[in-house]
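Heads up, the thing below is written out as structure tokens.
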Amino acid sequence: MINFIGRRFLTLLPTMMIPLVLVFFLIRLAPGDPAAVMLGDNATPEQVASLREALGFNNPIYIQFFAWLKQIFLLDLGDSIFLKQPVIDVVISHAGVTLQLTLYALIIAVVVGILSGIISAIYRNSVIDQTVMLAAMIGVSLPEFWFGLNLILIFSVGLGWFPVTGYVPLSEGFFVSLHSLTLPAVALGLIQAAFIARITRSSMLDVINEDFIRTAKAKGIPNKLVVFKHILKNAMIPILTVIGITMAILMGGAIAIETVFNLPGIGRTMLNAVVRRDYPLIQGLIVFISLVFIIINLLVDIVYAFIDPRVKYK
């Protein structure tokens, strides 16, 4: 296991290089000039050219790329063009909101999804099963932003139970902060819970008819123990894979949800950076998001060995 973890850490660098290369070149292929955006519509061509020179955008693209890689190896993500702050400071100041929202939504998705999948598998082909799977199919099809807007309309505007928009920092109270994130977390989490429920049901049905399950039932082991200790445990590998994917999807969906609920997180900051063509900030945010994704996948792989002893790492 230790050797496996060490080898996986060594693969982080080449794995990180793929999104770094892609984002660097793709954002420069997109229309729009950061210098022109900064100076506004009234800027003269000479002013735009002068600012481009000052920002280093007139250098050959490969020189810009290797200069940026050098900064990354020195743990320097550069300065945001518009915010006039180090990118690392901007990422740190906004990452907490997104990570808190994503973790909250993940807990909702995992709890609701796994419990719904278990119920559906136990009562397979019944009205309960069909109802849960119909709800899951509808949930998978719903856009997060549309679902979030409807939650605002019902629970904020209509009932007044939650704030319409905004975020309360953890420093002002744990439960107060969770209350401000409940609607966006539900908007993200319930949709992904539908996906987890479908996979949980399918994975449990693959295990439920195995010989060792029939043996456990024949020995008189209580049904709850059979379901959670034997069936669910042996069905967890596909479910864990889906949970890892769900974490990535939740961070991607945070862009829309943070905009809808006016949350000062990574997603909203990314959207503003793209609109402004703030290349250093976009690149820094992608570095952070890519690193989070890679760490999540590494943790999922490590958990596999604890869940299923049949998994071997050589």
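All values below were derived from every heavy atom in this structure, side-chain atoms included, with hydrogens, water molecules and symmetry-related copies excluded. Because the structure is a prediction, the values reported are computed rather than measured. Along the sequence shown, the residues carry numbers beginning at 1.
Between I108 and Q192 the shortest side-chain heavy-atom distance does not fall below 4.5 Å. Using a 4.5 Å cut-off on side-chain heavy atoms (C-beta onward), T98 and R268 make no contact.
Taking CG of L101 as the reference point, atom OG1 of T182 lies at 10.5 Å (rounded to 0.5 Å). The line from CG of L151 to CH2 of W161 is 12.0 Å long, rounded to the nearest 0.5 Å. The structure places CD of E258 at 10.0 Å from CG of L271, a figure rounded to the nearest 0.5 Å. Residue S203 holds its OG atom at 10.0 Å from CD1 of I114, rounded to the nearest 0.5 Å. Expressed to the nearest 0.5 Å, how far OG1 of T246 lies from CD1 of I199 amounts to 9.0 Å. Here T131 contributes atom OG1 and I119 contributes atom CD1; the two are 11.5 Å apart, rounded to the nearest 0.5 Å.
Heavy-atom minimum distance, S80 versus V87: N-CG2, 3.7 Å. Taking each heavy atom of A187 and I257 in turn, the nearest pair found is CB-CD1, 3.8 Å. Taking each heavy atom of A197 and S116 in turn, the nearest pair found is CB-CB, 4.0 Å. Shown here for L178 and Y104, the closest heavy-atom pair between the two residues is O-CE1, 3.5 Å. Of all heavy-atom pairs between V186 and F147, the closest is O-CE2, 3.9 Å.
One hydrophobic cluster, built from ILVMFWY side chains closer than 4.5 Å, cannot hold both V292 and I107; they sit in different ones. A single hydrophobic cluster is seen to contain both I92 and I266, as judged by linkage of ILVMFWY side chains at heavy-atom distances under 4.5 Å, directly or through other members. In the hydrophobic clustering of this structure, L103 does not group with F174; members are Ile, Leu, Val, Met, Phe, Trp, Tyr whose side-chain heavy atoms approach within less than 4.5 Å, directly or through other members. In the hydrophobic cluster analysis, where Ile, Leu, Val, Met, Phe, Trp and Tyr join through side-chain heavy atoms closer than 4.5 angstrom, I128 is grouped together with I122. Taking hydrophobic clusters as Ile, Leu, Val, Met, Phe, Trp and Tyr residues chained together by side-chain heavy-atom distances below 4.5 Å, V111 does not share a cluster with L190.
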Start with the C-alpha gap between F261 and L181, add the side-chain angles, then the distance that decides, and say whether side-chain contact (heavy atoms from CB on, under 4.5 Å) holds.
-> CA-CA 9 Å; F261 287 90; L181 287 177; over 6 Å; no

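Without hydrogens or angle criteria, S202 side chain to R198 main chain gives no donor-acceptor distance under 3.5 Å. With hydrogens and angles ignored, the 3.5 Å screen pairs a side-chain donor or acceptor of S93 with a backbone N or O of V90.
Here the options are I286, N272, T269, the test is side chain to side chain contact (heavy atoms under 4.5 Å, CB included), and the partner is L281; only T269 passes. When V242, I243, L115 are each tested for a side chain to side chain contact (heavy atoms under 4.5 Å, CB included) with V110, only one passes: I243.
S180 is linked by a side-chain hydrogen bond (donor to acceptor under 3.5 Å, both in side chains) to nothing, counting only residues two or more places apart in sequence or in another chain. Partners of S156 by side-chain contact (heavy atoms from CB on, under 4.5 Å), not counting sequence neighbours, listed by chain and number: I152, F162, V164, L183. By the side-chain contact (heavy atoms from CB on, under 4.5 Å) test, V97 is found to be paired with Y167, L263, P264, residues two or more places apart in sequence or in another chain being considered.
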